[in-house]
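Each chain gets a letter, A, B and so on, in the order the sequences are listed, and its residues count up from 1. Heavy-atom basis, side chains included; hydrogens, waters and symmetry copies ignored.
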Amino acid sequence: MLDLKFIRSNPELVSTAVKNKNEKCDISALLELDEKKRKLQFDFDQLRAEQKKVSAEIPVLKKAKKDTTAIMADMKLIADKLKDINTELTETGNTLDALLMTVPNIPHPAVPLGGEENNKFIREWGTKKEFDFAPLDQMELTERNELLDLKRAAKMSGSGFVIYQGKGAELERALINFFLDFQVRKNGYTELWTPYMVNRTAMTGTGQLPKLEDDMYRIEEDDMFLIPTAEASVTNYYADEILAAGDLPKLFTAFSPCFRREAGSYGKDTRGLQRVHQFNKVEMVRFVHPDDSEAVLEEMVNNAEAILQALGLHYRVVMLASGDLSFASSKTYDLEVWAPGTGKYLEVSSISNFVDFQARRANIRFRDKDDKVKFVHTLNGSGLATPRSFIALIETWQNADGTITIPEALRPYLQNRAIL
RNA sequence: GGAGAGGUGACUGAGUGGUCGAAAGUGCGCGCCUGCUAAGCGUGUGUGGGGAUUAAACUUCACCGAGGGUUCGAAUCCCUCCCUCUCCGCCA
């Protein structure tokens, strides 16, 4: 969330940001509530101070054998009044908090305005692969090599679920292991295995809630959510903690399946592995000093790029426009990998700087060198998500006979085979 | 699921209705002493909100797992929930 004091002194700036992000929330209503709350708080404090003062005198008077019935009767009135004020104060505070939770993060000044069409091309690596035969797409390749069974997955779970089988399962497992090893051995992250279900507080901390409640799978009975990304469990690792000055930065990587209802996106790029309800992803998360987050974002993009390069996959880097940014992000780069059979660039990684937005919500702080307690900056990004990496890989490395060559980097994970 | 114990500051741990934001110890900061490290002595050391201020000093309120309640007054009593530990049961 944003700092209430910041909103107070920059209401126009915040309102503009809300609009640029295509979000809806009433900043002036929020500020009115804020003022109301402060007024109530002031009244409460005054009255409460008096109550405390008199209450402290009562035992003294009693000890001196003075009659306190009159004073106690007066105090009863004050106590009642305090209760009333407190009720209103609590209600106002709750409403204010709820409203504050719907205010999105402010896009970084470098972020282009507008929707997806205004995403900014940053750079690309490699070129679109040329074939001397007509390349097949993921559907044909997975079918020919019997890598997936979508029909049977649908039987038990519905559309949008996947069964990897045989060599497909091996490839999926190899990718996950390769990604994890890469993050740990080459990029310097510490590996975590975290819960795949988290509670409401955690989901609010990272900013999935309240906005994305309908996009997540919820376990009603326990009010838990299946994580749509490991970000939810990894970022909450330090929730409600104050880290020591020397603790930063912290770099974590975690594998997790990701569960997304994808409500409202039916029929949109849903072929095969393109958009599924459950997929595998290796996530990178960093907790850093506020001074470092801008540079670290670039580093993390490089971390993810290095993996695509190792797999010999052509990709481009784009910076998301304000309207395409997620609720909590201030700046996001997407990595889009080229899938030659499908003929499209597919998003395989989204890397974001949340600055202090998540840290405020999840209450993640550190003690700076000046001894002041401050919010850390959090960043995260996929490194990488498997389904589209899988598509790009098999489409890029396919052979004329329909087989798939395994890129060098991945061979140690597949018994050093050259062909899948 | 059943029975019991417990959740206090960075940590250990006291505190069962009144001046407790909270003893003591550890750790950490600063100073002194001691001419290595150590030990010793002194002193300081929570977070957040409001008010005031150029700023600090200042002042006030909240916070002892969370939320309610009783009371003039709650870390302390009552209720609900959450979490941890031990034992039993059940399932894998």
Problem - P atoms of C41(B) and C33(B), separation to the nearest Å - result: 16 Å
Practice task
Specify whether Phe161(A) and His277(A) have parallel, tilted or perpendicular ring planes, treating 30° as the upper limit for parallel and 60° as the lower limit for perpendicular.
Solution key: tilted
Practice task
Determine which nucleotide pairs with A5(B), using a 3.5 Å limit on both distances of a Watson-Crick or G-U wobble pair.
Solution key: U84(B)
Practice task
Fit a plane to each ring of Phe287(A) and Tyr238(A), take the angle between them on a 0 to 90° scale, and name the class: parallel (under 30°), tilted (30 to 60°) or perpendicular (over 60°).
Solution key: perpendicular
Handout entry: Residue closer to the 5' end of RNA chain B, Ile71(A) versus Pro59(A) (nearest nucleotide)
Key = Pro59(A)
Exercise for the section: Indicate, with a heavy-atom threshold strictly under 4.0 Å, whether Lys83(A) touches base, sugar-phosphate, or nothing. Expected result: sugar-phosphate
Practice task
Identify whether any heavy atom of Val60(A) sits under 4.0 Å from a base atom; if not, whether one sits that close to sugar-phosphate; answer base, sugar-phosphate or nothing.
Solution key: nothing
Completion exercise
Heavy atoms of Lys167(A) and Leu420(A) approach each other most closely as NZ-O, 3.4 Å
Completion exercise
With B for base contact, S for sugar-phosphate-only contact and - for none (protein heavy atoms under 4.0 Å), nucleotides 50-66 of chain B reads SS--------SSS----
Problem - G46(B) phosphate, OP1 or OP2, under 4.0 Å from Arg367(A) side-chain N/O - result: no
Problem - Ring centers of Phe390(A), Tyr164(A) separated by less than 6.0 Å - result: yes
Handout entry: 5' priority, RNA chain B, between Asp3(A) and Ser55(A) [closest heavy atom]
Key = Ser55(A)
Exercise for the section: Evaluate the ring planes of Phe259(A) and Tyr217(A), with Trp represented by its six-membered ring, and classify them as parallel (under 30°), tilted (30 to 60°) or perpendicular (over 60°). Expected result: perpendicular
